[in-house]
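Take a look at the following structure, please.
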Amino acid sequence: MMYWIIFALFTTAETFTDIFLCWFPFYYELKIAFVAWLLSPYTKGSSLLYRKFVHPTLSSKEKEIDDCLIQAKDRSYDALVHFGKRGLNVAATAAVMAASKGQGALSERLRSFSMQDLSSIRGDSGSTVPHPHGHSRG
């Protein structure tokens, strides 16, 4: 775990240092050697850097870090509730709009039937039922 923390810090720093130091001779070779030194079980470079720099810094700032985490948790919960309510409002509005448009579509469909079509649907026993191809059956 120490390696991954140190490697993440190195990658973050590398983003900025590459802009200024890429012209330096053997810069990329030194980066490869540094990563190999971090990773090697013989040199334990990441363990050394973690114990010497990262752990003391984290330990001294532990209270501040915990306070920030609590504030972030509270803000994230408030944001989740806020956006959840907005999402439900949008979904409810969309459902009402779809339902109202659906009723309109149904009434338009019913209006498209002629009175003759409606009387034939009722099933008058002696009436003529229109054939789908335009012929009447009797």
Side-chain angles (χ1 to χ4, degrees):
M1 193 65 169
M2 289 184 251
Y3 168 76
W4 289 111
I5 292 170
I6 296 296
F7 186 74
L9 292 171
F10 167 71
T11 305
T12 303
E14 176 187 34
T15 304
F16 302 107
T17 59
D18 275 354
I19 297 169
F20 303 109
L21 299 178
C22 64
W23 57 269
F24 190 70
F26 300 109
Y27 173 69
Y28 294 104
E29 290 81 1
L30 289 172
K31 278 183 11 180
I32 291 171
F34 179 72
V35 171
W37 177 75
L38 288 177
L39 191 57
S40 173
Y42 299 110
T43 60
K44 298 183 181 174
S46 59
S47 177
L48 177 81
L49 289 178
Y50 182 85
R51 290 193 175 121
K52 183 130 177 129
F53 299 106
V54 177
H55 185 71
T57 304
L58 289 177
S59 295
S60 68
K61 307 272 184 195
E62 185 174 358
K63 177 72 173 135
E64 295 169 29
I65 293 169
D66 288 342
D67 291 342
C68 286
L69 288 174
I70 290 169
Q71 288 176 0
K73 184 179 93 175
D74 292 342
R75 282 192 302 239
S76 66
Y77 178 76
D78 292 342
L80 178 68
V81 168
H82 173 72
F83 287 116
K85 285 180 182 178
R86 286 185 69 192
L88 287 175
N89 286 339
V90 168
T93 303
V96 168
M97 293 296 289
S100 67
K101 285 183 180 181
Q103 282 181 340
L106 180 61
S107 65
E108 288 298 319
R109 177 80 175 144
L110 289 175
R111 274 189 229 146
S112 71
F113 287 118
S114 68
M115 288 307 288
Q116 182 181 358
D117 292 336
L118 291 176
S119 65
S120 67
I121 289 174
R122 268 188 276 167
D124 295 333
S125 60
S127 69
T128 312
V129 177
H131 193 268
H133 299 292
H135 304 294
S136 296
R137 291 189 320 196

Side chain to side chain contact (heavy atoms under 4.5 Å, CB included) involving V81 - partner list, sequence neighbours excluded: Y77, K85
Do F16 and V35 share a hydrophobic cluster (ILVMFWY, side-chain heavy atoms under 4.5 Å, transitive)? no
Least distance between heavy atoms, T43 atom then S40 atom: OG1-CB, 3.3 Å
Common cluster, F20/F34, ILVMFWY with side-chain heavy-atom separation under 4.5 Å: no
Report whether L30 and L39 are members of the same hydrophobic cluster (ILVMFWY, side-chain heavy atoms less than 4.5 Å apart, transitive linking). no
Nearest-0.5 Å distance that lies between atom OG in S60 and atom CD1 in I65: 8.0 Å
Tell me, please, which residues at least two apart from D67 pass salt bridge (Lys or Arg N to Asp or Glu O under 4.0 Å). K63
Is there any side-chain hydrogen bond (donor to acceptor under 3.5 Å, both in side chains) pair reaching into residues 9-35, and which pairs are they, with sequence neighbours excluded? E14-K31, T17-Y27, D18-Y27, D18-K31
Side chains of F26 and I32: closer than 4.5 Å at any heavy-atom pair? no
On a heavy-atom basis, which atom in P56 and which in R51 lie closest, and how many Å separate them? CD-O, 3.4 Å
Spacing of CG belonging to L58 relative to OH belonging to Y50, to within rounding of 0.5 Å: 5.5 Å
Measuring from atom CD of Q71 to atom OG of S76, what distance do you get when rounded to the nearest 0.5 angstrom? 12.0 Å
Below 30° counts as parallel, above 60° as perpendicular, anything between as tilted: where do the rings of F10 and F7 land? tilted
Is L80 reachable from L88 through a run of I, L, V, M, F, W or Y residues, each pair having side-chain heavy atoms under 4.5 Å apart? no
Consider side-chain contact (heavy atoms from CB on, under 4.5 Å). Of I5, V54, L9, I6, which one does S46 pass it with? I6
